[in-house]
Amino acid sequence: MPKAKQKSRRKKYSYNINRKRLYRRARRRAAPRIACSHIRHAWDPTKSVAQNLAEMGLAEDPNKAVPIPKKTLLGMEVDSNRRVQGKKIVRKPYVVNEMEYEASLPEKKSNTLSRDLIDYVRYMIQNHGENYKEMARDEKNYYQDTPKQIKRKINVYKNFYPEEYKDFIASLKQEKMDVQ
C-alpha cells in the first residue's frame, strides 16, 4: 500500500528570515509584567527597567544591592566593590513606603473547613462522644473513615475553631443536664 502524500511531506525551514530581529522586536513591544500594583502605577514606559527601579528606590540586582563581603585567609573582610558608586536619587519613595506598609499588615487567616465536614464532625461528637470505633460503624460515615481518620478530622475541627468547639461541648453537657 502506498504512503499518503501528506505523511511524507515535511515543513521546510526558511533560511531567509532573521529570527533574532523578529524576537527582539516582539520583546520591545511587550510591556513588562508587573505583579505589584504600587510599582505598576509608578512605572514609566519610556525609561528602562533599571532606571524605573532606581527611581523607586528598589534594586534591580540583589547581588549588587547587598554585596557579600569576601573573606581572606586571615579572617579579614575585603570589600567586594572597590569602585565608588554614586548616590542614587529616589524620586518615588512612596512606592517603597506603600509596599512596606502592606507587608507590615497582619495576614488574615483564610483557612476554613467545608460546611459538610463541620456538620459531619458535630454529628459524630453529638451522637457518639469520644467513641471513635462507634463513629466508624455509624451509617452516616459515608466515606468509611477509620477511627483514626475520624479522630484526625475532629482534631482539625478543634484546631480551626477552638471557641466554637468549646461552646458546642458546653451545649452538649447542658443538654445532658437538662435530660437528667
Side-chain angles (χ1 to χ4, degrees), residues 7 23 26-27 29-45 49-50 52-73 75 77 80-81 88 90 92-180:
K7 293 267 184 183
Y23 176 74
R27 291 289 297 155
R29 269 187 257 134
R33 297 185 77 212
I34 303 169
C36 181
S37 64
H38 307 299
I39 295 173
R40 191 180 307 121
H41 293 300
W43 195 265
D44 186 4
V49 174
N52 271 309
L53 292 176
E55 279 188 355
M56 293 178 214
L58 301 173
E60 177 190 14
D61 185 7
N63 295 325
K64 290 179 183 173
V66 184
I68 300 171
K70 294 182 180 176
K71 301 217 178 209
T72 62
L73 295 174
E77 293 183 3
S80 62
N81 288 347
K88 294 182 181 174
V90 179
K92 301 175 184 176
Y94 61 90
V95 175
V96 175
N97 295 338
E98 289 171 356
M99 288 173 67
E100 285 177 350
Y101 172 73
E102 199 173 286
S104 68
L105 292 174
E107 192 173 322
K108 192 175 182 182
K109 249 189 175 179
S110 62
N111 298 346
T112 57
L113 297 177
S114 68
R115 191 74 234 165
D116 294 336
L117 182 64
I118 293 170
D119 293 341
Y120 173 75
V121 167
R122 287 177 146 230
Y123 169 81
M124 289 297 185
I125 293 172
Q126 191 171 7
N127 289 339
H128 305 292
E130 293 288 314
N131 192 347
Y132 300 111
K133 288 184 179 178
E134 206 173 294
M135 290 180 193
R137 287 183 297 224
D138 193 297
E139 62 184 19
K140 290 260 181 157
N141 184 6
Y142 299 125
Y143 297 110
Q144 297 182 351
D145 293 329
T146 63
K148 280 190 175 183
Q149 288 172 326
I150 295 172
K151 186 176 182 178
R152 205 174 304 126
K153 286 182 180 181
I154 291 172
N155 287 334
V156 166
Y157 175 70
K158 284 181 191 177
N159 293 336
F160 273 68
Y161 305 103
E163 294 86 20
E164 191 176 313
Y165 177 76
K166 288 176 187 174
D167 294 341
F168 178 64
I169 296 298
S171 69
L172 287 178
K173 288 181 181 175
Q174 187 78 26
E175 285 178 14
K176 280 187 179 180
M177 298 279 275
D178 292 341
V179 170
Q180 292 175 355

Is a side-chain N or O of Asn52 found less than 3.5 angstrom from the main chain of Trp43, in a donor-acceptor match?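 No, because the side chain of Asn52 does not come within donor-acceptor range (under 3.5 Å) of the backbone of Trp43.
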Any donor-acceptor N/O pair, Asn141 side chain to Arg137 backbone, under 3.5 Å: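 Pair absent, no side-chain N/O of Asn141 close to backbone of Arg137.
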Contact between [X] and [Y] at the side-chain level, heavy atoms closer than 4.5 Å - yes or no?
X      : Y      : value
Lys92  : His38  : no
Tyr157 : Leu113 : yes
Tyr101 : Asn97  : no
Ile154 : Tyr120 : no
Gln126 : Glu175 : yes

What is the distance from atom [atom1] of [X] to atom [atom2] of [Y], rounded to the nearest 0.5 Å?
X      : Y      : atom1 : atom2 : result
Ile150 : Glu134 : CD1   : CD    : 11.0 Å
Glu98  : Ile39  : CD    : CD1   : 10.5 Å
Cys36  : Met56  : SG    : CE    : 9.0 Å

Taking only residues two or more places apart in sequence, or in another chain, which ones meet Lys140 in a side chain to side chain contact (heavy atoms under 4.5 Å, CB included)?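 By the side chain to side chain contact (heavy atoms under 4.5 Å, CB included) rule, Lys140 matches Tyr123, Asp138, Tyr142.
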[X] and [Y]: which non-hydrogen atoms are nearest, and at how many Å?
X      : Y      : result
Lys153 : Leu117 : CD-CD1, 3.7 Å
Ala136 : Asp145 : CB-O, 3.7 Å
Tyr165 : Lys158 : OH-CE, 3.1 Å
Met135 : Gly129 : CE-O, 3.0 Å

Residues which pass side chain to side chain donor-acceptor pair (under 3.5 Å) with Tyr132, listed by chain and number, not counting sequence neighbours: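 Expected list: Glu130.
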